[in-house]
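Below is one structure, written out as structure tokens, with a few remarks after it.
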Amino acid sequence: MNQYDDCWLRYERVADDDRLASYRRRCRHAYVAEKSPECGAIRDELRRALPGLLAEKPHLWQHPPTTVDGFLAVGTPDDMAMIAESVPGDDVADLEDGGFLVRSVTWNGADCLVVTASTDRGLVYGTFHLLRLLSVGEPIDDLDVREEPAYANRLLNQWDTPFHRSVERGYAGESIFDWERLPDLRSRYEDYARLLASVGINGIVLNNVNTTKPPRASANAAFDAFEGWQLLESRRLEDLTGLASLFRRYGIRPYLSVNFASPMLVGDLDTADPLEDDVQEWWREKADEIYDLVPDFGGFLVKADSEGQAGPYDYDRDHVDGANAIAQAVVPHGGRVWWRAFVYGSHEDRAVQAHDTFEPLDGEFADNVTVQIKNGPVDFQPREPASTLFGAMPKTDLGLELQITQEYTGQGVHATSHLPMWKEVLEFDTRADGEGTPVSSLFRGDGEGVVGVGNVGEDYNWTGHYLSQSNLYAFGRAAWDPDRSAEAITREWVRQTFDDDEDIVDTVTEILHDSWEACIDYETGGLGLMHMMHNGEEYLENHYYPSPAEWPGYHGASEDGIGVDRTESGSGYVTQYREPVAERYGSVETCPEKFLLFFHHLPWDHELEDGTTVVQRLYDNCFAGVEEVERLRERWRSLEGRVDERRYRHVAERFDEQVAQAERWRDVLTAYFREHSGIPDERGRARDG
């Protein structure tokens, strides 16, 4: 048994005999160009994958074979005559960085497969794509695949805290990165790089955005003692070299999250004022030092002026001053600063502040600064409307930040797919350039892209819950192609991870597809409510239990009604949208019910379109959410004996716990609604608190 789960890279024997014969004819012999670290990774992956898929050991040639009836060739047209003669050069030259071609060709009478690209990174992605096709049983005798990534940057943000290896918002054990042993490498690092490259990830921020200790106490005392800015110390930077070399083989650039006050914390300066010459020079020298060690270093991620982090406001400067001061240090090296737009504190309604802060600064950020924006205006809630910053800063490179880890959707216990949530945001029409300007269309520049807050840890299954692996997979696939349907992405994950049996594929796909709406119902009551969770003193218990009484400002519950008035007469958040979106959300009559209480404070007995009152709909949704989880649990139980015992039992036990937790959320929320509304559940289900 492997030390860790293989996730979707299982490479199990192809069951169909005719398909297996076709695969063997074209893949039992292979030649990979020998010129780069990436090509070495490709050869290693073929050695892992092909014996399992083909049920026989392949032959990897040192040169293109001429005496076989078929083979696989991986390289650029410049690498071998066979590819240059089989694929028109213009077809390859026109590919974006990371793009690839996979084609079935005949060469010297042999049936061949060609994986080619204009860059070595593209060869990695093309090889993984071919292996994905083999794993799900697709025909390859007439392949003609051309793929390019939709976004130039597809990054993971690790919220790992080095040295004692905790992971903020991590629910799968401690960090896989053992910084005290670096630059020595663990085999798990390569396995992680393989997983990321297989879905097209090309950058990784290795440490937590919270580079100083959090404002609340941690369950782990070491967390309070650690300060993340220490990674910029010279003795620590040398530890990056081994990781960088490993990730380089898979086309992945490393980044670091840095503290804005690093010139004081790491250097010997008495200020971090971004307009001071000494501060700017310190950042230049530090960047030079890093790039001498890691020439392909990606750059810095910065969280500033938010939740206790230092920032330019400490010196009466703005975010442009802060971001550009750091960006000037990395620009000679081709580096980039990702500057998070998650700031709040000066407005009564958190939703308003990001737009008010950053929209007036459009066009002033340096060319190598990307403003990184959360999908919604509050904080990764189970459902939020799309941030108003999307489409509001056309002169600035933007990045969409999504949360892969399940901070607000059941953490490591609940089966909750985030892909439908992401698709809802990606498909939202901002009207930024007239009708038909979805969020997904806004990040296609060279300095733009999509970022995901990672969910892996040291647990055997990587993500704490086997079904949570689907969120990591889905993030990469959606970042590569946001137009690909949620169902198609989920089904290919299931086929590679579990089985090609149609009933298994249908069942697991259904569970994941329906899981998000169920979570919304029992954790919030729906209708756009949010922040119903516990915010306790123990840092690792945050957001785990229901406690709506802690957050009245976010859901607006009172004796007269519920919801937050974000219309023009309220916080004004709705006016940050373009028309006709602002008008649609701003009217109770036209606002979609799924966001109704996000934008409007309504009486408990306000009647919805079908005649149901607001409070009754909240009751009904809470109970429906639990019933749906019970149904999904039964769907999983139907797979007993058809899924291996280890994974079956793990997910079954998690479903039992999820049902119990969902009941707890339902009971706490419905009692809260009844207490504040004074209106009983007409079906007699909701109990007093």
Side-chain angles (χ1 to χ4, degrees), residues 169 307 342 344-345 347-355 373-389 401-403 405-411 414 416 418 420-422 424-425 428 453 515-536 542-558 561-567 570-574 576-577 585 591-602 604 614-615 617-622 624-625 661-662 664-666 668-670 672-673 676-677:
R169 307 301 181 237
E307 298 184 318
F342 182 57
Y344 65 90
H347 291 68
E348 185 175 341
D349 180 11
R350 182 192 297 190
V352 173
Q353 187 165 347
H355 186 281
I373 305 165
K374 289 188 177 185
N375 59 278
V378 179
D379 186 12
F380 292 139
Q381 293 299 292
R383 170 175 266 148
E384 296 185 44
S387 170
T388 52
L389 273 178
E401 180 179 322
L402 304 171
Q403 191 171 55
T405 190
Q406 294 176 221
E407 176 180 359
Y408 294 104
T409 57
Q411 303 192 346
H414 301 201
T416 311
H418 284 186
M421 179 201 310
W422 302 335
E424 184 173 276
V425 173
F428 172 74
V453 178
S515 61
W516 175 51
E517 291 284 359
C519 179
I520 291 170
D521 282 347
Y522 64 72
E523 282 200 353
T524 70
L527 296 181
L529 292 181
M530 60 177 61
H531 268 290
M532 297 293 194
M533 71 291 178
H534 174 60
N535 195 46
N542 282 352
H543 315 155
Y544 195 78
Y545 304 112
S547 185
E550 295 184 44
W551 303 92
Y554 288 98
H555 52 69
S558 62
I562 189 168
V564 178
D565 184 359
R566 292 187 167 98
T567 67
S571 74
Y573 175 72
V574 74
Q576 295 177 350
Y577 288 103
Y585 284 164
C591 183
E593 283 192 356
K594 63 185 177 182
F595 294 131
L596 188 60
L597 298 182
F598 181 88
F599 288 103
H600 300 276
H601 182 84
L602 297 176
W604 292 102
V614 164
V615 68
R617 178 63 60 79
L618 295 175
Y619 290 145
D620 291 346
N621 284 347
C622 286
Q661 290 190 9
R664 179 178 184 178
W665 281 85
R666 175 200 64 198
V668 171
L669 265 58
T670 55
Y672 185 78
F673 297 148
H676 284 71
S677 69

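Computed over heavy atoms, backbone and side chain alike; hydrogens, waters and symmetry mates excluded.
The one candidate from M530, E424, M421 that meets the side chain to side chain contact (heavy atoms under 4.5 Å, CB included) condition with R383 is E424. The side chain to side chain contact (heavy atoms under 4.5 Å, CB included) test with Y585 singles out one residue from F598, Y577, Y573, and that residue is Y577.
Side-chain atoms of K374 and S387, non-hydrogen and from C-beta on, never get closer than 4.5 Å to each other. Side-chain contact between D565 and S571 is absent, with no heavy atoms from C-beta onward closer than 4.5 Å. Looking only at side-chain heavy atoms (C-beta outward), E401 and I373 stay at 4.5 Å or farther from each other. Proximity of F380 to V453: side-chain heavy atoms (C-beta onward) are separated by under 4.5 Å at one or more points. A 4.5 Å side-chain heavy-atom check between F342 and D379 finds at least one atom pair inside the cut-off.
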task = Evaluate the side chain to side chain contact (heavy atoms under 4.5 Å, CB included) criterion for residues M532 and Y554: first the C-alpha distance (whole Å), next the side-chain angles of each, then the deciding distance (0.1 Å), finally the verdict.
result = CA-CA 9 Å; M532 297 293 194; Y554 288 98; over 6 Å; no
query = Which is it for L618 and T524 under the side chain to side chain contact (heavy atoms under 4.5 Å, CB included) test, yes or no, and what are the steps along the way?
reply = CA-CA 8 Å; L618 295 175; T524 70; over 6 Å; no
task = Determine, step by step, whether R617 and L527 satisfy the side chain to side chain contact (heavy atoms under 4.5 Å, CB included) criterion, reporting the C-alpha distance in whole Å, the side-chain angles of both residues, the deciding distance to 0.1 Å, and the verdict.
result = CA-CA 8 Å; R617 178 63 60 79; L527 296 181; 3.9 Å; yes
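A pairwise comparison of heavy atoms in G553 and V564 identifies O-CG2, 3.8 Å as the closest pair. For the pair G525 and L669, the tightest heavy-atom approach, listed with the atom from each and the gap, is N-CD2, 4.0 Å.
With hydrogens and angles ignored, the 3.5 Å screen pairs a side-chain donor or acceptor of T405 with a backbone N or O of R169.
To the nearest 0.5 Å, atom CG of residue N375 and atom CD of residue Q381 are 10.0 Å apart. Atoms CD1 and CG, on I562 and L597 in that order, are 6.0 Å from each other to the nearest 0.5 Å. Within the model, atoms NE2 of H555 and CD of E550 stand 9.5 Å from one another, a figure rounded to the nearest 0.5 Å. To the nearest 0.5 Å, atoms SG (C591) and CG (L596) are separated by 5.0 Å. Note that OH of Y545 is 11.0 Å distant from CH2 of W665, once rounded to the nearest 0.5 Å. With rounding to the nearest 0.5 angstrom, the CD1 atom of I520 is 15.0 Å from the OH atom of Y408.
For Q411 and E407, the side-chain atoms include no donor-acceptor pair closer than 3.5 Å. When only modelled atom types and interatomic distance are considered, H418 and Q406 share no side-chain donor-acceptor pair under 3.5 Å.
In this pair, F599 and F595 present their aromatic rings perpendicular. The plane angle is above 60°, beyond the 30 to 60° band.
Remark: R350 qualifies as a cation-pi partner of Y344 under the 6.0 Å distance and 45° angle criteria applied to the six-membered ring.
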